[in-house]
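Note sheet for the following structure.
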Amino acid sequence: MEIIVCVKRVPATDSKVKIAADGRGLDPAGVEFLMNPYDEYAMEQAIQLREKAGAGTITVVSLGGADAQKELRQCLAMGADKAVLLDDGGKPNDGCSTARIVAAWLKTVPHELVLCGRQAVDNDEGQFPSRLATLLGFACATEVVALTLDGKVFRAERDIEGGREVVACPLPAVISCNKGLNEPRSPSLKGIMAAKKKPLDTVAATAVEPALEFVSLMLPPEKPPGRIVGSVQELVAALRNEAKVI
Amino acid sequence: MSKIVVVADARSGRIKKPTLEAVGAAVDLAAKCNGSVVAFVAGADNAPAVADLQKSGAAQVVSLRSPALASYSGDGYAKVIHAELGKHAPSVVLMPHTAMGRDLAPRIAALLDAGMVSDATALHFEGGRFGATKPVYAGKAYRKYLARRAPFVATLRPNVFEIRSGGGATTTEVAASIGAGELLAVVKELAQGSTDRVPLQEARVIVAAGRGMRGPEHFGLIEDLTAAFGPGVGAIGASRAIVDAGWRPHREQVGQTGKVVSPQLYFAIGISGAIQHLAGMRTARCIVAINKDANAPIFKVAHYGIVGDAFEVLPALTAAIKAAVAH
């Protein structure tokens with residue numbers, strides 16, 4: 001099976017947010033970037049599917065600038081066979097342009113299964129997987145926490161409000177991976193050495209304008225400091241009379 | 001005149017709060033742009049959902065029916081909804097940011113080649129353009145977007161927008177032309193949890209606990225406080241640390257790799273308040289922190305705090321809440 005894994009380079013979740021001078025983006029100074037945590041579940045799932053089938057190729061792809069090569073190398077070290085950087089110089093994209101750019105590139109490579117994280121933890125959009133599936137005309141299951149392949153049909157489980165649903169999702173497919181699906185492996189020393197010799201190609205990304213204008217990035221409004229109360233009675237009175245929530 | 005279409009999440013057959021809030025947000029947006037609100041619902045039998053939507057404030061309810069839509073299929077639902085949207089030429093399409101909305105709205109946006117904002121906490125109409133603001137970077141910042149072209153699609157964070165009510169909506173029944181053979185991915189089984197448990201994202205009150213509870217055997221105290229608010233009100237949440245430690249199931253995890261919640265009242269008990277946790281709950285209307293450590297970061301986002309041992313505070317708090325709720 002030809003498996004594509006889509007990954008994104010994102011700011012570490014514990015990094016401090018500073019607004020760039022233009023008021024629209026993140027000031028990257030002093031921010032640590034790493035692979036989107038949900039994409040690690042996608043990468044791990046790809047390796048497990050290939051191991052189980054005893055055959056197949058994993059191609060990992062990232063849309064971004066040259067610095068995303070670091071995350072692609074990490075995937076090669078985990079076990080991907082090859083990597084492709086869709087280079088757009090690191091421009092801001094929305095869900096619409098990202099899905100269209102990746103869909104355009106997929107026309108040039110064999111692919112039967114596309115695995116992604118459920119969302120990237122920078123913009124927390126989560127649009128990409130089912131948008132991509134729609135553009136490709138593929139079946140899709142999102143936010144998957146358990147996955148088994150029976151012949152050519154996946155049995156994918158996803159959590160919904162107050163329960164869990166099981167989706168029958170035939171190949172070719174796009175699957176978005178949620179926490180709980182697997183335990184991503186750390187690259188071994190052998191894997192890291194092998195990754196240096198694996199192909200990492202750079203391909204110019206198709207030019208697609210985002211459908212959204214990024215107007216501004218703002219810090220949350222300052223919240224007045226909370227109040228430490230001395231007793232349970234004082235707390236319950238405040239919840240009732242001030243906050244009016246009980 | 002601008003048309004705003006709200007696509008309902010009617011998975012349970014009925015219309016729940018997040019969809020009603022989305023219709024409410026559409027009614028408020030329509031007032032700004034002199035627009036009108038149409039609610040769509042797709043399924044095999046939409047009668048109860050249609051009845052709910054008729055009172056939601058929408059001017060028109062469109063019921064898309066086909067036996068093939070009895071079980072949710074993201075591609076199937078998107079196809080029939082997209083076909084119907086063609087007749088309405090909406091400026092805006094909204095869905096609640098529920099499991100269904102997160103799956104379905106991007107498919108509709110892709111079919112429309114439209115810009116979309118997920119998990120929006122505000123909607124905009126400025127200079128003839130629509131847009132939204134949403135939390136980004138784990139809630140450490142907000143980004144405002146405006147659509148470069150119509151239509152614009154958004155999913156809306158539950159518990160943020162006001163429900164409006166109305167009556168006299170016209171109802172249009174549409175026989176959706178889709179056969180079961182056209183569907184790609186289809187839901188085959190639905191395992192509902194016990195019905196007396198409120199889904200975390202829909203709970204009005206969440207009692208969340210962390211390492212400060214010392215072990216899973218002490219969660220009776222958390223269950224008691226949750227139950228003190230009465231049936232159908234509260235749900236239990238958990239920090240990532242105790243989910244990873246196996247004390248509680250992942251479905252209860254609040255935070256960046258868990259669920260994002262926005263209840264009226266959120267208790268953080270024995271939770272220090274790592275940034276990953278704050279990402280999941282900082283838009284709660286009222287946050288109460290109970291922690292032994294007066295310097296715990298959770299107190300920075302809390303509206304009220306008690307510095308103390310959870311094992312001493314909880315029984316008294318449960319009794320006081322019970323008494324307050326009874327009056």
Side-chain angles (χ1 to χ4, degrees), chain A residues 11 13-14 17 19 26 37 94-96 99 121-127 130-131 133-135 138-143 158-170 179-180 210-220 223 226-229 232-233 235-236 238-240 243 245-246, chain B residues 74-75 78 98-99 102-103 106-107 109-111 113-116 118-119 136-138 140-149 184-193 197 199 201-202 250-251 256-257 264-265 275-276 285-286 288 299 302-307 313 316-317 320-321 324-325:
Chain A
T13 52
D14 54 1
V17 168
I19 312 288
L26 176 75
D94 63 358
C96 184
V121 301
D122 49 2
N123 294 329
D124 284 321
E125 284 289 345
Q127 302 178 27
S130 51
R131 267 194 187 261
T134 304
L135 295 178
F138 280 16
C140 179
T142 53
E143 303 178 14
R158 61 193 302 263
D159 285 333
I160 60 166
E161 292 80 8
R164 184 172 277 204
E165 65 183 14
V166 179
V167 184
C169 183
K179 184 181 177 181
L212 301 176
E213 181 191 343
F214 292 53
V215 178
S216 57
L217 185 68
M218 302 150 281
L219 295 176
K223 191 185 87 59
R227 197 169 93 219
I228 300 293
V229 295
V232 159
Q233 284 66 34
L235 174 64
V236 172
L239 293 178
R240 167 153 281 188
V245 287
I246 56 171
Chain B
D75 51 273
T98 56
R102 293 195 296 274
D103 187 78
R107 299 174 196 257
L111 292 171
D113 194 28
M116 171 175 157
S118 295
D119 202 20
V136 292
Y137 304 117
K140 285 176 281 186
Y142 284 80
R143 179 169 275 132
K144 178 179 177 181
Y145 297 93
L146 287 174
R148 293 178 190 272
R149 58 176 186 258
L184 298 174
V186 184
V187 171
K188 290 292 179 197
E189 296 165 39
L190 193 55
Q192 284 291 353
R197 201 166 56 208
Q201 290 105 320
E202 293 170 20
H250 179 243
R251 63 165 188 276
Q256 194 150 32
T257 48
Q264 294 281 303
L265 178 55
I275 191 81
Q276 287 87 345
R285 176 138 155 224
C286 180
V288 176
F299 287 117
H303 300 86
Y304 301 102
I306 291 183
V307 179
V313 175
L317 181 58
I321 293 286
V325 170

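We name chains A, B, ... by the order of the sequence lines, and we start the count at 1 in each one.
Among B/Leu265, B/Thr98, B/Asp119, B/Val186, the residue making the largest number of heavy-atom pairs under 4.5 Å with chain A is B/Val186. Among B/Gly305, B/Pro199, B/Gly115, the residue making the largest number of heavy-atom pairs under 4.5 Å with chain A is B/Gly305.
Interface remark: B/Ala114 contributes backbone atoms only to the contact with chain A (heavy atom separation under 4.5 Å). Contact of A/Pro11 with chain B is made through the side chain alone, with heavy-atom distances under 4.5 Å. Heavy-atom distances place both the backbone and the side chain of B/Ala324 under 4.5 Å from chain A. In this structure, the portion of B/Ile275 lying under 4.5 Å from any heavy atom of chain A is its side chain and not its backbone. When heavy atoms are compared at a cutoff of 4.5 Å, B/His303 approaches chain A by way of both its backbone and its side chain.
Counting heavy atoms from C-beta on, the side chains of A/Pro37 and B/Gln256 never come closer than 4.5 Å.
For the salt bridge (charged side-chain N to carboxylate O under 4.0 Å, His left out) test, no residue two or more places apart in sequence or in another chain qualifies with A/Arg131. Residues satisfying the salt bridge (charged side-chain N to carboxylate O under 4.0 Å, His left out) criterion with B/Arg149, sequence neighbours excluded, are B/Asp113.
Residues B/Ala138 and A/Asp124 share a closest heavy-atom pair of N-OD2, 3.9 Å. Summarising the geometry of A/Val232 relative to B/Ala316, their closest heavy-atom pair is CG1-O, 3.6 Å, with the distance given to 0.1 Å. Across A/Val215 and B/Tyr145, no two heavy atoms sit closer than the pair CG2-C, 4.0 Å.
Checking side-chain atoms of A/Glu125 against main-chain N and O of B/Ser118 turns up a donor-acceptor pair under 3.5 Å.
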